[in-house]
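These notes are about the structure you will find just below.
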Amino acid sequence: MLKKEYNAVTYISGPLLFLEGAADLAYGAIVNIDDGTGRIRGGQVIEVSDQYTVLQVFEETSGLNLERTTVSLVEDVARLGVSKEMVGRIFNGAGRPIDGLPPVVADKRLPINGTPINPVAREKPEEFIQTGISAIDVNMTLVRGQKLPIFSASGLPHNELAAQIARQAKVLGEAEGFAVVFAAMGITQREVSYFMQEFERTGALSRSVLFLNKADDPTVERLLTPRMALTAAEYLAFEHDYHVLVILTDMTNYCEALREIGGAREEIPGRRGYPGYMYTDLASIYERAGVVHGKKGSVTQIPILSMPGDDITHPIPDLTGYITEGQIFISRELAQQGIFPPINVQPSLSRLMNNGIGKGKTRADHKELADQLFSAYARGVNLRRLVAITGEDALTEMDKKYLRFAENFEKKFINQGQKERSIEESLNIGWALLADFPPSELKRIRREYIEQYHQKTGKLEELVGA
């Protein structure tokens, strides 16, 4: 059967191609675009009306001739060929292998927009995922099926943190498989090399699927990348019972691509020039995390975004905060002190933390210890501000202990470098930090835990390896 061709191309604007007389093409359909010289480019239908059909071209549009260009249908919707053999492979943002190995033999070709999870079929996320990072595991615990973003900014080490989480993350006490799907959008060639070398060097690639979209790749490919990654994650989770952690970096680059395409389509802009539908678009990505009733696998998300100008009121972090279940803040001040990972505990939180901690999940004392550490750190930080004005002469001996605690908390607890810590080690370090206080100061921890752990977990220097 001959493929139907369309040749009434009337207008080209940036990465967009406007076609007349193609109202029978479906939204989301994948097409081939022949420029008349034998060169074939891919494209996707992003708008259909009686008058015009608008296509996103997956490569540059230079060289396209309005008179000679023809368009033919390839698939009714954008799809990704998926297989269990994807684990250990590296793909570009459009799902094509870039690791020098042959293409994956697909078991299925799944639509990359996924299938919405029925709210009734969702189960409550309540299983702990260990990242190996003390500040996250103790104070803002990641729970299986959660979406917990990292709010960073330009120049901060969020890529290094993403690679560390991908390397260290695991589900404790489970026989099921664990996999990481890592999607990077709009990254430089240096960052591509870093991620590929880091995953290969540490052995993390053996349980990972990487999708790497470079800054010089077509803008429209950036819009496909997170959906490609989530399609692979859903396949591994819900058809092969994997617990999948999806790391998406940097969602700011994704939103910039969304704004660029919106401008090319001459859409009416919303806040700061971003499309008015950006909230819905982000939700269509973030809401693909979850645990489904009757399925052993799960999809957990850590989206990473760099806040333009360190501005948390910017539309990207603002809308992300509405959709997701907490946030992890990267601190520029801590990073400048050489602390890694520079996680600011005070504004960070995990709204599902209480579901995934406690007896049988982490440890019975976890919640109360985390509360006590947070309280003591907050008091120490407040005293720092007071000292900056009045000096230390007006401080009591107890105040000075809180000041020392705040410094040790940052330099011994938060600052762990590339070293991995188990949840048990992290909790014990927390208790060692509190050893300088008398039991009467530990007002957020019940007596039985104080008697069991206070001043009994070992010396701080020994626990942190100093």
Side-chain angles (χ1 to χ4, degrees), residues 2-48 52-82 86 89-99 102-106 108-114 183-186 192 210-232 253-254 257-258 260-262 264-265 281:
L2 294 176
K3 289 184 178 180
K4 185 175 180 180
E5 292 188 344
Y6 308 85
N7 53 20
V9 179
T10 59
Y11 181 55
I12 297 173
S13 173
L16 303 185
L17 184 150
F18 291 75
L19 190 64
E20 277 188 345
D24 55 333
L25 284 174
Y27 176 83
I30 299 298
V31 297
N32 277 340
I33 301 164
D34 188 336
D35 65 1
T37 66
R39 180 182 174 185
I40 305 295
R41 310 171 210 216
Q44 183 177 21
V45 178
I46 60 171
E47 186 176 324
V48 180
Y52 288 110
T53 297
V54 184
L55 311 176
Q56 288 183 148
V57 184
F58 293 156
E59 301 167 56
E60 75 280 355
T61 54
S62 59
L64 287 177
N65 183 293
L66 295 182
E67 296 179 358
R68 295 201 305 266
T69 299
T70 58
V71 176
S72 58
L73 178 68
V74 177
E75 286 189 298
D76 59 338
V77 67
R79 296 175 184 270
L80 174 67
V82 292
M86 296 178 77
R89 298 295 305 274
I90 304 175
F91 304 89
N92 67 6
R96 292 186 289 271
I98 56 172
D99 52 7
V104 171
V105 178
K108 292 184 177 181
R109 292 189 59 80
L110 299 178
I112 65 169
N113 288 324
M185 292 156 278
V192 169
L210 273 63
F211 291 85
L212 304 179
N213 165 259
K214 295 190 294 184
D216 60 352
D217 286 336
T219 303
V220 294
E221 187 179 295
R222 212 153 296 148
L223 303 184
L224 301 178
T225 304
R227 293 177 171 82
M228 292 280 179
L230 287 163
T231 301
N253 292 336
Y254 172 86
L258 205 63
E260 184 179 334
I261 296 298
R265 294 173 65 178
D281 192 277

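The structure presented is a predicted model; accordingly, all values stated were derived computationally and were not measured.
When side chains are defined from C-beta on, Ile12 does not count as touching Thr69, because their heavy atoms never get closer than 4.5 Å. Residues Val220 and Val57 form no side-chain contact, since every pair of their non-hydrogen atoms from C-beta on lies 4.5 Å or further apart. For the pair Ile30/Phe58, a side-chain contact is recorded, criterion being any heavy-atom separation below 4.5 Å from C-beta on. Residues Ile90 and Pro97 are not in side-chain contact: their nearest non-hydrogen atoms beyond the backbone lie 4.5 Å or more apart. Counting only heavy atoms from C-beta outward, the side chains of Leu17 and Val9 approach each other to under 4.5 Å. The shortest distance between side-chain heavy atoms of Asn253 and Arg222 falls below 4.5 Å. When side chains are defined from C-beta on, Ser72 does not count as touching Lys4, because their heavy atoms never get closer than 4.5 Å. Using a 4.5 Å cut-off on side-chain heavy atoms (C-beta onward), Asn7 and Val71 make no contact.
With respect to the salt-bridge test (charged N to carboxylate O, under 4.0 angstrom), the residues Lys214 and Glu221 do not qualify. In summary, Arg227 and Asp281 engage in a salt bridge, as defined by a charged side-chain N under 4.0 Å from a carboxylate O. For the pair Arg41 and Asp35, the salt-bridge criterion is met [side-chain N within less than 4.0 Å of a carboxylate O].
Residue Ala183 comes nearest to Ala229 through the heavy atom pair CB-CB, 3.7 Å, listed as atom of the first residue, atom of the second, then distance. Closest approach of Ala26 to Val48, counting heavy atoms only: C-CG2, 4.2 Å. Here the shortest heavy-atom pairing between Leu110 and Val82 reads CD1-CG2, 3.7 Å. Taking every heavy atom of both residues into account, Pro103 and Arg89 meet most closely at C-NH1, 4.5 Å. Closest approach of Glu59 and Gly42 over heavy atoms only: OE2-N, 3.9 Å. Here the closest heavy-atom approach between residue Ile261 and residue Pro15 is recorded as CD1-CG, 3.6 Å.
Here CG of Leu19 is found 10.0 Å from OG1 of Thr70. Values are rounded to the nearest 0.5 Å. Note that CD1 of Ile112 is 6.0 Å distant from CD of Gln44, once rounded to the nearest 0.5 Å. To the nearest 0.5 Å, atom CG of residue Leu55 and atom CG of residue Leu25 are 7.0 Å apart. Here the straight-line distance linking atom CD1 of Ile40 with atom CG of Asp34 works out to 3.5 Å at 0.5 Å rounding. In this structure, Met228 CE and Arg96 CZ are separated by 8.0 Å, a value rounded to the nearest 0.5 Å. Note that CD of Gln56 is 12.0 Å distant from OG1 of Thr61, once rounded to the nearest 0.5 Å.
Looking only at distances, no side-chain donor or acceptor of Thr225 sits under 3.5 Å from a matching main-chain atom of Met185.
A side-chain donor from one of Thr219 and Glu260 sits under 3.5 Å from a side-chain acceptor of the other. In the model, Tyr6 has a side-chain atom that pairs as donor or acceptor with a side-chain atom of Asp24 under 3.5 Å.
Taking the six-membered ring for Trp and thresholds of 30 and 60 degrees, Phe211 and Phe91 have nearly parallel ring planes, at less than 30 degrees apart.
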